[in-house]
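One structure below.
Everything numeric in this text was worked out from a predicted model, so none of it was measured.
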Amino acid sequence: MLVTPPLSSGCLAGITRELFLEWAVADGLPVVERDVPVAALSQARDVLLTSSTRNVQQVQTMDGRPVPGSTLGRTAVELFERYAAKGMDP
């Protein structure tokens, strides 16, 4: 499942993040918004970055350790690319 912190946590309410979450839900990907302690990232099998200049990317390394990545993460990146290619404008 894709887990993201809620906006109330202080994360940036970015357009790319919002589009990604909307498109992921529309495409049937499991998405949950909940508080995520920073320490949990060291246990994550996959970490995604949303950015207006980078779209959605899988993080390759974090704190010097490789992040293995997952099929769900690759699917999420491909989903964003597919919807963005349709010219979906916010």
Side-chain angles (χ1 to χ4, degrees):
M1 110 176 30
L2 299 169
V3 179
T4 185
L7 295 179
S8 61
S9 73
C11 71
L12 180 64
I15 293 171
T16 304
R17 176 188 183 274
E18 182 63 29
L19 286 173
F20 172 64
L21 293 177
E22 286 178 21
W23 294 343
V25 169
D27 219 53
L29 290 182
V31 177
V32 174
E33 286 188 82
R34 69 171 181 232
D35 288 325
V36 180
V38 173
L41 292 174
S42 67
Q43 304 296 317
R45 290 180 297 165
D46 209 338
V47 177
L48 299 174
L49 169 76
T50 61
S51 163
S52 61
T53 59
R54 296 181 180 186
N55 294 330
V56 176
Q57 287 188 326
Q58 288 179 284
V59 173
Q60 302 296 311
T61 59
M62 190 168 42
D63 292 334
R65 77 165 181 89
V67 179
S70 69
T71 301
L72 181 58
R74 285 186 295 281
T75 298
V77 171
E78 291 166 3
L79 174 141
F80 188 88
E81 291 172 356
R82 187 174 72 243
Y83 274 81
K86 292 179 183 177
M88 305 287 286
D89 201 17

Which heavy atom in P5 sits nearest to a heavy atom in C11, and how many Å separate them?
O-SG, 3.6 Å
Using links of under 4.5 Å between side-chain heavy atoms of ILVMFWY residues, direct or through other members, which residues join V67 in one cluster?
L41, V47, L49, V59, M62
Does anything in residues 24-33 pair up under salt bridge (charged side-chain N to carboxylate O under 4.0 Å, His left out), and if so which pairs, sequence neighbours excluded?
R17-E33, D27-R82
Note: T16 and S52 closest approach over all heavy atoms is OG1-CA, 3.3 Å
Roughly how far, to the nearest 0.5 Å, is the CG atom of L21 from the CZ atom of F80?
10.5 Å
If you draw a 6.0 Å radius around CZ in R54, do more than 12 non-hydrogen atoms from other residues or ligands fall strictly inside?
no
State, yes or no, whether a side-chain contact exists between D46 and L72 at a heavy-atom distance under 4.5 Å.
no
Which atoms form the tightest heavy-atom contact between A44 and P68, and what is the distance?
O-CD, 4.4 Å
Looking only at heavy atoms, what is the nearest atom pair of A24 and V31, with distance?
CB-CG2, 3.8 Å
Distance col, row I15:CD1 vs T50:OG1, nearest 0.5 angstrom, shows 11.5 Å
With a 4.5 Å cut-off on side-chain heavy atoms, are Q58 and L48 touching?
yes
Is the side chain of R65 donor-acceptor paired with the backbone N or O of S42 at a distance under 3.5 Å, no angle test?
yes
Within the 4.5 Å heavy-atom criterion, are F20 and L2 side-chain neighbours or not?
yes
List the atom of A84, the atom of W23, and the distance in Å for their closest heavy-atom pair.
N-CZ3, 3.7 Å
Mind checking what makes side chain to side chain contact (heavy atoms under 4.5 Å, CB included) contact with V32, not counting sequence neighbours?
M1, R34
Grab the two heavy atoms, one from D35 and one from S9, that are nearest each other, plus how far apart they are.
OD1-CB, 4.0 Å
